[in-house]
Number of protein chains: 2
Amino acid sequence: MRSVMVQIPNTPTSADVARLAGVSRATVSYVLNNTSAVRISEPTRRRVHEAARELGYVPHAAARSLRAGHSRMVLMPAPAVPVGPLYSRFLDELQQALGHLDYTVVQYGTVGLHGDEAARAWAELRPVAVLVPGAELGPRGVAVLKRSGARAVVTLGPVRVDGAHALLMDHDAVGRCAGAHLHAAGRRRIGVVVPKEPGLEAYSRPRLAGVREAVHGTDAAVTELPLAYTEQAAAQLAARCRELNLDAVFAYNDEYAMLLMRALQDEGLRIPEDMAVIGADDLMLGRLLRPRLSTVHIELPSGHDLAELVDRAVRDPGGEPEVHAVLGASVIRRESS
Amino acid sequence: MRSVMVQIPNTPTSADVARLAGVSRATVSYVLNNTSAVRISEPTRRRVHEAARELGYVPHAAARSLRAGHSRMVLMPAPAVPVGPLYSRFLDELQQALGHLDYTVVQYGTVGLHGDEAARAWAELRPVAVLVPGAELGPRGVAVLKRSGARAVVTLGPVRVDGAHALLMDHDAVGRCAGAHLHAAGRRRIGVVVPKEPGLEAYSRPRLAGVREAVHGTDAAVTELPLAYTEQAAAQLAARCRELNLDAVFAYNDEYAMLLMRALQDEGLRIPEDMAVIGADDLMLGRLLRPRLSTVHIELPSGHDLAELVDRAVRDPGGEPEVHAVLGASVIRRESS
DNA sequence: TTGAAAGCGGTACCAC
DNA sequence: GTGGTACCGCTTTCAA
């Protein structure tokens, strides 16, 4: 009796390739990895390649790295908040550079996990390096990752974390720049916008603190201005600014600055005569506003440099953690201040 | 002779935990996975947990999924171009929802890889599902992924791909909306901005085509207007718009609209009297412009719905590919058109 | 030049 | 209740 079976296309393994090519699994591995320590005859190579192509063979990364005892995966938590063009470009450059060094960048969708929970989840993937923006990771998280074989842990954030390399992106500097600029321009009653949107505190608190530092010991006063990203909230805040008799506002970034500037103008305040406004991030939109928006230009590290730091750290896991201050901030004065 | 050795902290395995707890690896597995088919005494459970905690044990995801023959990983290519707030929110919601269904979302940094190359790289990770925005993936790529065990492949883009589920996000509709609106408003010489920035063609071409469709068979003429995202380019384009005697522009999206609107105003054109301008994406900034920017509001599918589609597909891999048209587009008329 | 086999870390079946 | 053990797919000695 002839039995016709529907062939369920099981994912082909190297054993299948070996069978089809009439060789051993070892040979398949040698051929497909171009192992230089071993010479395989040209006919055999061809047969193996042919078989692999025919079956649509794709090696199993997990099996490979399990056997190898390590991977080339660089893990980053996927950003939860919409990320600006600045940071996007930085990320892209970083991925490019790491890819060039033969690493694979993977952004892990860390959903509800926080702190050490998250670190544990990341550690399960046994990445060779972990890059963590923000201040999500503590020393214990770093320890977990290192114990699980991460040869480099790099934080990109406001503070250094024990045991990890650090790219110090101190947003204080942004606030200091803005504060110093406004003070030098003769402003003395300075408001600082602090977004109400969650997830931005890591940046907004230091920026506020920076302004405070900049005018510390002078006769200038700093007022914290919480603001949700809506027109209505902006209108209310504009009215409040007038009541408070402020003469300057550092608006967190250019987007919030645009929002607030519009509201201030609608409130009848002249910019910059009655009220100086300065943003941050040097986005294109600031140049398009009227008056043109002054801003704090932020210089992020080159993705290329970070990639090389990662590579160094991976090659020499015992080395002292490197700490680099990498956030350049400088005022671009336009017309609004 | 007493030998003092520096204990190199090798990553602890379940065998280490077993040793320390004085039980077998099997027992460790049972305890840590809460295997219900097997009863383990309370004291033993405690000892195992204790040992795991003490060693900082973290299970090895690769080993686990190798044994299991599958993972819960949903893979997406990491977006290469800076992605707007709309899409960011969608992504975030999607990750949330998938996480809730116990999937792990991983964005793979696909650098220089294209088409089938990329599909192969993704397939190496043996994800249970693959979500691909844009038009990067062809039928062959889909086949590669499926052969490697992906139980669901979903494309989010302008066209359906053979073998994959599709969330049709037909940006033609955006252009059609804009075109119909401008035509209804009496405009007949319509320019359509097409960004020169690479990576945006997947959206800009259909949007342009949509405008053409909308006015097809009428007396309106459509002019393609390539534009780089710089002030200078915008100024030149504004001058050209005047020469061409256009009476309306669909500016690709709100950001390009803002750029061009500024340039048109600087060129002395009145909006909307001399020139109607409409953007797309319904960003906040459009509301803040003067005149307020008309725009095409885009409704993306809910991340929740997509997550459920993925889950359905994973549970029933043999099912017919689902195809949903999911992009809602509607004009929000403000003052600029 | 090629093949047999051990072993990476976990899980789950089958005995005891 | 708990332990022994085979096995997932791949790489890499070691022998032939």
Side-chain angles (χ1 to χ4, degrees), chain A residues 10-49 51-52 55-73 123-128 147-149, chain B residues 10-49 51-52 55-73 123-128 147-149:
Chain A
N10 244 327
T11 29
T13 71
S14 76
D16 297 321
V17 177
R19 209 165 5 250
L20 181 57
V23 299
S24 74
R25 291 163 54 215
T27 305
V28 171
S29 178
Y30 294 145
V31 171
L32 296 184
N33 295 308
N34 263 321
T35 308
S36 51
V38 129
R39 297 267 143 254
I40 302 285
S41 70
E42 203 44 51
T44 305
R45 303 184 89 79
R46 229 195 315 282
R47 288 217 312 285
V48 169
H49 276 124
L55 292 176
Y57 170 71
V58 174
H60 193 306
R64 187 199 296 256
S65 69
L66 180 58
R67 166 68 222 221
H70 61 259
S71 72
R72 301 281 294 172
M73 183 197 300
E124 293 195 355
L125 294 191
R126 299 290 193 272
V128 68
R147 282 199 75 72
S148 317
Chain B
N10 244 327
T11 31
T13 72
S14 77
D16 297 321
V17 177
R19 208 163 10 247
L20 180 57
V23 299
S24 73
R25 290 181 341 157
T27 304
V28 171
S29 177
Y30 295 145
V31 171
L32 296 185
N33 295 308
N34 263 320
T35 309
S36 51
V38 137
R39 296 268 142 254
I40 302 286
S41 71
E42 204 45 52
T44 305
R45 304 185 88 79
R46 229 195 314 282
R47 288 218 312 287
V48 169
H49 277 124
L55 292 177
Y57 170 71
V58 175
H60 193 307
R64 189 200 297 258
S65 68
L66 178 58
R67 167 68 224 218
H70 61 258
S71 72
R72 301 281 294 173
M73 182 197 300
E124 293 194 356
L125 295 191
R126 298 290 191 272
V128 69
R147 281 198 77 70
S148 320

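Just so it is clear: chains get the letters A, B, ... in the order the sequence lines come, proteins before strands, and each one is counted from 1. All values derive from a computational prediction rather than experimental measurement.
In this structure, CG of D16(A) is placed 11 Å from P of dC8(D), rounded to the nearest angstrom. Computed from coordinates, the R67(A) CZ to dT13(D) C1' distance equals 8 Å when rounded to whole Å. In this structure, CZ of R72(B) is placed 16 Å from P of dT11(C), rounded to the nearest angstrom. For the pair L55(A) CG and dG9(D) C1', the computed distance is 15 Å after rounding to whole Å. The separation between H60(A) atom NE2 and dG9(C) atom P is 16 Å, rounded to whole Å. Rounded to an integer number of Å, the gap from N33(B) CG to dA12(C) P is 7 Å. Here the P atom of nucleotide dG10(C) and the CG atom of L125(A) are 13 Å apart, to the nearest Å. N34(B) has its CG atom 12 Å from the P atom of dT11(C), to the nearest Å.
Between L32(B) and V28(B) there is a side-chain heavy-atom pair separated by less than 4.5 Å. Taking the side chain as every heavy atom from C-beta outward, N34(B) and R45(B) approach each other to under 4.5 Å. R126(B) has its side chain within reach of V58(A): a pair of non-hydrogen atoms, C-beta onward, lies under 4.5 Å apart. Annotation: side chain of R64(A) is in contact with side chain of N33(A) (closest heavy-atom distance under 4.5 Å). The shortest side-chain heavy-atom distance between T11(A) and T13(A) does not fall under the 4.5 Å cut-off.
Within the 4.0 angstrom heavy-atom criterion, no nucleotide atom of any strand lies near T35(B). T44(A) comes within contact range of the sugar-phosphate backbone alone, with a heavy-atom separation under 4.0 Å but no base atom that close.
Both A68(B) and R39(B) lie near DNA chain D, and the one whose nearest nucleotide falls closer to the 5' end is R39(B).
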Under the side-chain contact (heavy atoms from CB on, under 4.5 Å) criterion, do M73(A) and L125(A) qualify, and how do the steps go?
-> CA-CA 9 Å; M73(A) 183 197 300; L125(A) 294 191; 4.3 Å; yes
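Within residues 21-30 of chain A, the residues that place at least one heavy atom under 4.0 Å from DNA chain D are, in residue-number order, R25(A), A26(A), S29(A), Y30(A).
Checking the phosphate oxygens (OP1, OP2) of dG10(C), no side-chain nitrogen or oxygen of S65(B) falls inside 4.0 Å.
In this structure, a donor-acceptor pair under 3.5 Å is absent between the side chains of R147(B) and N10(A).
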